[in-house]
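Okay, structure first, notes after.
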Amino acid sequence: MKLIDTPASLQGEILVPGDKSISHRSVMFGAIANGRTTVTNFLMGDDCLSTISCFQKLGVHIDVQKDKVIIEGNGLDGLIEPKEVLDVGNSGTTIRLLSGILAGREFHATLVGDHSIGKRPMTRVVGPLRTMGAKIDGRNNGEFTPLSIRGGSLEPITYELPVASAQVKSAIIFAALQANGKTTVIEPLATRDHTERMIKRFGGKIDIKDKAIYIEGGQSLTAADIHVPGDISSAAFFLVAASIVPNSRVLLKNVGLNPTRTGIMDVLKNMGASVEISQNESELFEPVGDITVRTSNLTGTVIEGDIIPKLIDEIPIIALLATQASGTTVIKDAHELKVKETNRIDTVVQELQKLGADIVATDDGMVIKGGTPLSGNVVNSHGDHRIGMMLAVASLICEGELTLENAEAISVSYPTFFEHLTGLTQN
Ligand code: S3P
């Protein structure tokens, strides 16, 4: 598809759509709790709809309405053996967290996904869930999909995560809720804590001391209504777009500001961006605020260490931002990018190079020399929603025409992205 002509500026406001991670979890907790859970501002993106469809096949009644999702939970014991395979589509969060739930259920289920899911490592969840007692098999001894799970009685474990991953942590927490005793999970670095927050919201008990998380088994949860905050990972595309398109001012409303997700705000500030938070409601179960962003002069920075899990999904759009900053930006300690929807070190570098950016891949990140004008070309999302949106934002500042192939991947996390983007452009 041919993208947007270079606008003179971006002006206006956007109500940011629901957070993907929180939307997934709201369905999962609603499905295993007792009672009716109503979720508002649910993200109707392909990934979250995959989660709904998997739980429907597990016997949970879920009603998807225009602006809300209603889940009739009958507790963990309400889940039934599915007659069909469970298709997670493109969603890593669905397959990994669902594996943790199924590990403790005494039935058989097969999990499949798309081409990208077929390349993503599952041993990181399969390993600890097997240690707890689940019978899991899959291609290459459980490393890849299709996965076949026969759950049952689980023993608690003490598990130190070898990689900082909220998906792995959450899978073990879901299994731990069903184990015969107390499980301990230790994180190398803090990762998004939506699962921990949501357990409490559904009346469960979880103790957190520094990087250790303790969960008692045998808990039953009670339905709760959830209002999903806007996704900061979706807002990120507009935070960057308004920073680099001249004379812009954009108000992003209802952005989730969970401190385990706000790494991009710190990076923007370090680079000299103009971002201001107002209406900050920090007392909610997930903090939310509005952000005003204006065009500014940017300088390069170094992004490494503890902050990486707090902005892991924003690195593609941060790379674009860095192409427009003066000086060099270095991104390190981000090996995990290699096992996302695509190898995001390769896809970001390859596609931005096509636009004339001075960017090189390293083993754990990338190095970007900024201040380079970009020029249009034919680029490709590689089926990765965040690469697609990054390239669409790049089209706003490119000289000449940019054509984006496989743009439809964007509906995985942001079905109204183009509507929102074109609504801000001023000529
Ligand atoms: C997610 C965790 C992160 C993130 C993904 C969503 C989650 O993945 O990249 O988009 O909802 O828990 P990892 O746990 O693999 O780092």
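Note that the structure is predicted; figures quoted are calculated from it, not measured. Residue numbers run from 1 in the order of the sequence given. In listed order, ligands and their atoms are each counted from 1.
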Run the salt-bridge test on [X] and [Y] with the 4.0 Å N-O cut-off and return the result as yes or no.
X: Lys205; Y: Glu216; answer: no
X: Asp313; Y: Arg344; answer: yes
X: Asp19; Y: Arg261; answer: yes

- Message: When you measure from the centre of the six-membered ring of Phe285, is the NZ or CZ of Arg201 closer than 6.0 Å and no more than 45° off the axis?
- Response: yes
- Counting only heavy atoms, which portion of Arg25 has something under 4.0 Å from ligand 1: side chain, backbone, both, or neither? side chain
- Task: Mind checking whether His194 contacts ligand 1 via backbone (N, CA, C, O), side chain (CB onward), both or neither, at a 4.0 Å heavy-atom cut-off?
- Result: neither
Can you name the atoms of ligand 1, numbered from 1 with element, that are less than 4.0 Å from a heavy atom of [X]?
X: Ala166; answer: 12 (O), 14 (O)
X: Ser165; answer: 13 (P), 14 (O), 15 (O), 16 (O)
X: Thr93; answer: 1 (C), 6 (C), 7 (C), 11 (O)
X: Ile312; answer: 9 (O)

State whether the shortest distance between N or O atoms of [X] and N or O atoms of ligand 1 falls below 3.5 angstrom.
X: Glu336; value: no
X: Val168; value: no
X: Ser170; value: no

- Query: Which residue pairs pass the side chain to side chain donor-acceptor pair (under 3.5 Å) test when at least one of the two sits in residues 25-42, sequence neighbours left out?
  - Reply: Arg25-Ser170, Arg25-Thr195, Arg36-Glu72, Thr40-His227
- Message: Would you call the rings of Tyr414 and Phe238 parallel, tilted or perpendicular, taking 30° and 60° as the class edges?
- Response: perpendicular
- By side-chain hydrogen bond (donor to acceptor under 3.5 Å, both in side chains), Ser23 pairs with (sequence neighbours left out) none
- Note on the structure: Taking every heavy atom of Leu320 against every heavy atom of Leu374, the minimum-distance pair comes out as CD1-CD1, 3.7 Å
- Task: For atom 15 (O) of ligand 1, grab the closest protein heavy atom and report residue, atom and distance to one decimal in Å.
- Result: Lys340 NZ, 3.3 Å
- Query: What is the closest protein heavy atom to atom 4 (C) of ligand 1, and at what distance does it sit?
  - Reply: Asp313 OD2, 3.3 Å
